[in-house]
Amino acid sequence: MGGHETNGEEASLRRDTGFNVSSQAPSAQAMQNKRARLNAAKAKAGGAMGDAAGGDLPEDFSKELEQLEQLDVHAEDPAVFWPRNRAPALDPQSTGLVFQQMEIDEEYVPSTNTAVARLFGVTEQGHSVACYVQGFFPYFYCPAPAGFNEKDIPLVVAELNRLVQMPSSAGGGSGGPPSRGDGSHRSDAVVAIEMCMKEPLFGYHGNVKAPFFRIVVRNPRLMRPVTLAVKRGFNVPGAGQHAGTPYESNLEFIIRFMVDTDIVGASWVELPAGKYSVRGTNRTFCQYEVDVNYRDLVAHEPVGEWSKLAPLRILSLDIECAGRPGVFPEAKTDPVIQIANVVTIQGQRQPFIRNVFTLDTCAPIPGVHVQSFQDEAEMLLKWAEFVQTCDPDIVIGYNTTDFDLPYLLERAEALSAHRFPFLGRVRDTMTTAKTSHFSSKAYGTRESKTINMDGRVQFDVLAAMRREYKLRSFSLNAVSAKFLGEQKEDVPYSIITDLQRESAETRRRLAVYCLKDAFLPQRLVDKLMFLVNSMEMARVTGVPFNYLLTRGQQIKVVSQLYRHSSRQDLVVPVIESQGGDSQYEGAIVIDPKRGYYDAPIATLDFTIERLQLVKDVDYTSTPTHDCFVKPSKRIGLLPHILKELLSARKQAKAEMKNETDPFKVQVLNGRQLALKISANSVYGFTGALNGRLPCLQISASVTAFGRQMIDETTRQVESRFTVANGYAHDASVIYGDTDSVMVKFGVSDLADAMRLGQEAADFVTTKFISPIKLEFEKVYFPYLLINKKRYAGLYWTRPDKYDKLDTKGLETVRRDNCQLVPLVLNTCLKMMLIDRDVDGAVSYTKGVIADLLQNKIDLSMLVISKQLSKTDYAAKQAHVELAERMRKRDAGSAPQLGDRVPYVIIKGTKNAKTYEKAEDPIYVLDNNLPIDTNYYVEQQLTNPLTRIFEPILGSKVSALFKGSHTRTIHVAAPTTGAMSRFTVKTNTCLGCKTPLRKDQQHRAVCTHCQSRLPELYMRNMDTMRELEMRYARLWTECQRCQGSVNNEVVCTNSDCPIFYMRKKAQKDSETQASVMERFDCSW
Amino acid sequence: MDVCETAPAVLPRTRVAHEGPSEYEAEFKTGRRSYNQQFNHIYFQRLDGLKPHVHEQARRRWEGQRQPVTWTQRVLNVDGPERTYIIGTVFIDSAAKPSTLAQVEEARWISDPQPPATYRCSAEDVFLEDESGRIRLVGPAVEHATLASGVVAAVLGSETPDGQFEVAEMCFAGMGPQPARVVDDTQDKYVALVSGLNATVNCPVSLEMQLLAEYLCGNAGGEPDQALSAQIVQTVVVGGIMVVPEPPLGHTEDARANDRAPVQRLVEEVDGFLADIAAAMPLTLLPGKADPTDISLPQQALNPGMFAQCRRYAGFRSTTNPAYFEVDGTLLLASAGQNVDDLGRYAKCGETPCELAASSLQWRHIAPTAPDTLWCYPFTKNDPFIVRSTPHVYVVGGQAEPGTGLAQSAGGQQTRVVAVPDFSAAHTIVLLNLRTLECTPVRITVPAA
């Protein structure tokens, strides 16, 4: 801590609580605190005042005491408010049990050699339920040989069981346990076979169903061996050796179960009275443990009343570890020092439990239950007990899955706290962390940890962020700045250990920080509606809630596909992953006529997007020579699903309009979003080559249709809207993309363009077969067409006011740009398109380049950052090299693996490689190192700026980067480095820059400039005033943000735009103050 | 009072013995500056310096009662509903304060924000903070108090169940020690208090300013006016000597945009104007917010080098803002008004500037809102705005209209508070009678042509 010590004791670290959010009603826990304190107060009073104790208390005070006495509270410990309300005993005969399930998993039951589905959830009263669903067996289909006689089924069952149990049968060993002769049927893999009439999904079979075996298997583990046996062939009486193609054998048990019982994710289920039984055991931490047969389970479709949410308990947590200097905390050696927890009930605005577990003492924090421990293992165990007792349904946090939870588990192991890793709801299931690779086309491949907390859903907000948003930075700082509009104080790793060691007060400071970090994920979840939207997604797609974060897109489509196919008696084939690179023709783009259009450009959109094409197109032959079946014969499955999704969305939107309850509106909005996303992914699904059900013919055909439509539209528009046909100008299509066409009608008036656009849309629509429709929606004016998929324009839907500035494909979020690039780009676009001031944009750009060369641009604008993910890069990379150099300078503050490394490019020796010129921005400020302004002009600004200016300026674009505005260059004189030791600093005249004579060094000006002294004084005073203001504004802002005025600001949040500014303000103010001093000696 | 021209009569100007450099002169000088520190030190110095006085007041007020109340030494150690009092720095966290971060994020630029009319809004929290942390203060006693961020206070009350502090009563450090005043009962002597001349590049010396100089020098008005002006022993310009035009902000390629040559001419003209007054009597200059010196408090004296003509007179003083000075045995504290204006943005009950200035003397701190909303130099060794010696007169410049008030305490200290209006707008100065400490506004108007 580079702090100064003002006063002996705890002066250097003073800290607010910053956390005591006001809440409307005193929470139960707070009442508890109050009581405990009151008792303490009574004791104190008694001690201090002897026999007069209590008698002298003021009126209101004793009244308050009385009221408190009446509270029916027996314990002194706020921990009494951890558990759920006591659950009344269940009478299965007279009352049903209704609950919202949040997690469904399978459990293998050795005694019966079967699997049961476990549903975990919460009742509307907030009681937790573990429901064991019995009697459900996995199964698959396989075509039955022609002429098979149903009475031979037992023979086939026996045959298959024999095949599976044969020791020679490959794969047999992996599944079922060998027969031990304890009653034959327990070990039989095949439970039953039924005959049914089904139709395969792929291809068109003339709507004729064929006989299928439905082979019911004892448990999910036996699916594979039985499938193998079926594939290899088995003897069927009357048909001989029969090798069947298994259908639907790769559908996982849980999804099978949910599909067959009509349960969707996060939905309500009901166990009717008389149909279930209560378990006498206490195997889980749930309040109710019940058994039910799957046939008796009632699944409520999540609409109407059943779209409500249960009062779920959400635990948000954060831990702090004390690392050693220069090393990222390792669980084997570095202790966990604090665990902060915030527990909220879904739908309530304020948490009802706020507590922090600290190693070593910690000063009190108002409104927070602080528990201190001297022994780390004891702290961990107490925390585990807290989790079990408070029994959260959902566990959230920021990067908890990859950091906090695995760290706790590893740490507990290192400390031999063997009772720790039982954080799930099932008492005897140990919680472990496994490394897994998650790979998905939409989200990319990343390594992550999987932690089992049976019955509790984990929702890592970082993972959710990564899925939902494209951001420059995903640090909690950056994310909360973006979505909550507040910067967050960032306590640097290096001082955490110091804070921990110092005193109870400094540990309180840490605890408050930790609590904030525990509360932020909850606030983000609330603000971004993560839970509600995810639940709706689970409900729409039918997958269990926990699949949303742990699985990719496909499973969602698969779940829907099966739901629909089973209703239509279709069976889904099993297709081995094909891999390979075969690609269908991609996005449809017609070559853009690049340029800056200072005329309205009408945009005609196909209202049937490609995905709807799948649904409605009626052609029998497609441009790719594949065939679709006419809906008059049969409605395809995908069209069917899409139709349902789209009509459900329509309905949700309609309901939303009529709904007045804001929470229900949010739920409905979540649903319509989920429906939209699902509808989109249905199309993508068919194109996924290594997916479950690739059908390239579909996606390729759809794409080809699109191209045809665009070409046709172009032809129609360009032949109709011509001077020859009586229009004022010849229209031309300047660009066409996927599902829209941009038309320049040649008119200069916005309203005219809109009218013509509408006319064209109506006209072309008549040329297409219904339901393909061309719609006129918007006009771009002006429009800057840079390249394929790269354009910017002002977006108008009404002639009186523009809607927005619309850009596509321009550098705005790329992380390897410095922030100056998007800023300049956006400002230029705004000036060009909104203000229609191209000259202004040019001179602004020149001004920025001049400022850059004169070192006037704020350093934070020049910072580039990259994540240090591994150290053994083959090619030398700037941020890796820099991290290494920083480690040599000071191992303690150097970036760790996983950190983002911010850097700027500084001037280096001639021919120095860029990676050699990367430097820590703080070091640059400290040592006044010169910035490599050429790098920023040439490598950062030139390309993006050329791109947007070229359509306007043509070849003159290079004038932006050359010319008189680049002649004044200001280079900082470094205070360190090889040369600085040999240079003698000489003051120059502030008027004419002449070096001052040795005896005049202290003066402001040379003798010639003496007459201009007041003027020069004013000029320098201007600078001084601005710097003072900057210094004051920046540092008071940080003081406010950290929520304490008495504490030094130690925040190292380099994502915050103020971070480098405030450092520079210090530096510059100090320099300027010494310049101002020279004036005192000059008059 | 209107002034009309009559035949001049010669009256001798009353003179007072001119004190040498006073012990108070260095009070607001920053000296050699450093900016490597942060603002936490000044807050700490403030709390450290005022806490004993606040505690003393609180003890007198609350501990002597029938039902003694204890002092909880750290605000975060407050525990439960038992009545207690705590001492700390008030911090008002309000959404209405201009946010630097918001500006930076939006414009990538920091400029002096236009301050809002008030910093108070519904989205605000009042905290009390000490070394240990901060606790939120609630209750009508806080909501209706004349209060500002940065004031050191003791609050009596108890913790609410959700960890806030319900305030029953507040108390402050009270007025500081006051040196004895030497009063010359034999004659009336006046100090002319002028504020906000606001000479501009376009109009360096307005007609009113010329007339003012003539009035002060005894060359204007009728005989009674001249008799009165002859009794003026000193003129104090309480801030606002000139308005230096804002330098252009933003990206600029043109070096001439920063040309300050016109300002040099302005300075020369103002110097000439002030020299007329300085020739007649001692003249003291305090800079104001638009004067060419620091923007943050305490503003250092305008460089005397700029006033080549005035400097020739022994009675000319260019001093800091705020500043202490003695005139004929009376101790004056003068401020150009930024501190009181900023207090006004925290006021909720329509307090006048004089009332606010008087309150700040009760807080024993004249600029509590620095550095949070009032820019100030990051002091480390002391907080110069703590009132170490209570002045007899506290002059606040830059106000909309003249006003006066009285601050007094049980200890017998008494301070006359004077609000001096902006001359450029109100054309009014204030004459302070050193014998009675009464104030007379004098309006100077140009006779209709």
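A, B, ... follow the sequence lines: proteins, then strands. Residue 1 opens every chain.
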Side chain from CB out, backbone as N, CA, C, O: work out which of these in B:R32 comes under 4.5 Å of a heavy atom of chain A, or both, or neither.
both
Test: A:E1037 and B:K97 ion pair at under 4.0 Å:
no
Quick one: what part of B:F39 sits under 4.5 Å from any heavy atom of chain A, side chain, backbone, both or neither?
both
B:F91 and A:S1044, any side-chain heavy atoms less than 4.5 Å apart
no
Quick check for you: among B:D294, B:L374, B:T89, which has the greatest number of heavy-atom pairs under 4.5 Å with chain A?
B:D294
Ranked by heavy-atom pairs below 4.5 Å to chain B, first place among A:T1023, A:V1049, A:V1045, A:T1036 goes to A:V1045
Working for side-chain contact (heavy atoms from CB on, under 4.5 Å), residues A:M1076 and B:Q300
CA-CA 12 Å; A:M1076 294 314 292; B:Q300 296 304 289; over 6 Å; no
Check whether any side-chain heavy atom of B:V267 lies under 4.5 Å from a side-chain heavy atom of A:M1018, and answer yes or no.
yes
Does B:K289, at its NZ atom, have more than 12 non-hydrogen atoms belonging to other residues, nucleotides or ligands within less than 6.0 Å?
no
Working to the nearest 0.5 angstrom, can you tell me the gap between B:I135 CD1 and A:I365 CD1?
12.0 Å
Given A:R1040 and B:D372, is the salt bridge (charged side-chain N to carboxylate O under 4.0 Å, His left out) satisfied, shown in steps?
CA-CA 8 Å; A:R1040 279 184 210 168; B:D372 190 42; 2.8 Å; yes
Side chain, backbone, both or neither of A:A1073 within contact of chain B (heavy atoms, under 4.5 Å):
side chain
Working for side-chain contact (heavy atoms from CB on, under 4.5 Å), residues B:R33 and A:Q1072
CA-CA 10 Å; B:R33 298 188 208 189; A:Q1072 188 63 19; over 6 Å; no
Separation of B:N40 CG from A:C1038 SG (nearest 0.5 Å)
12.0 Å
B:E131/A:N1046 under side-chain contact (heavy atoms from CB on, under 4.5 Å): CA gap, chis, key distance, verdict:
CA-CA 6 Å; B:E131 303 88 332; A:N1046 283 317; 5.8 Å; no
Name the region of B:T293, side chain, backbone, both or neither, that has any atom closer than 4.5 Å to a heavy atom of chain A.
both
Is the shortest heavy-atom distance from the side chain of B:P98 to the side chain of A:R1033 under 4.5 Å?
yes
Please classify the contact between B:S158 and chain A as side chain, backbone, both or neither, with a heavy-atom cut-off of under 4.5 Å.
neither
Closer than 3.5 angstrom, by distance alone: can the side chain of B:Q38 be matched with the main-chain N or O of A:E1048 as a donor-acceptor pair?
no
Between the CG atom in B:L302 and the CE atom in A:M1021, the distance rounded to the nearest 0.5 Å is 8.0 Å
Measure distances from B:L47 to the heavy atoms of chain A and classify the residue's part below 4.5 Å as side chain, backbone, both or neither.
side chain
Test item: A:E1070 side-chain N/O and B:S34 main-chain N/O as donor-acceptor pair under 3.5 Å
no
Turns out that what part of B:D271 lies under 4.5 Å from chain A's heavy atoms comes down to neither
First locate atom OH of A:Y1017, then atom CG of B:N303, and finally report the distance between them rounded to the nearest 0.5 Å.
4.5 Å
Should B:W375 and A:E1028 be marked as a side-chain contact (heavy atoms from CB on, under 4.5 Å) after you check the CA-CA gap, both sets of side-chain angles, and the distance that decides it?
CA-CA 8 Å; B:W375 319 146; A:E1028 281 179 40; over 6 Å; no
Using only atom types and a distance under 3.5 Å, with no angle test, would you say the side chain of A:R508 pairs donor to acceptor with the backbone of B:G133?
no
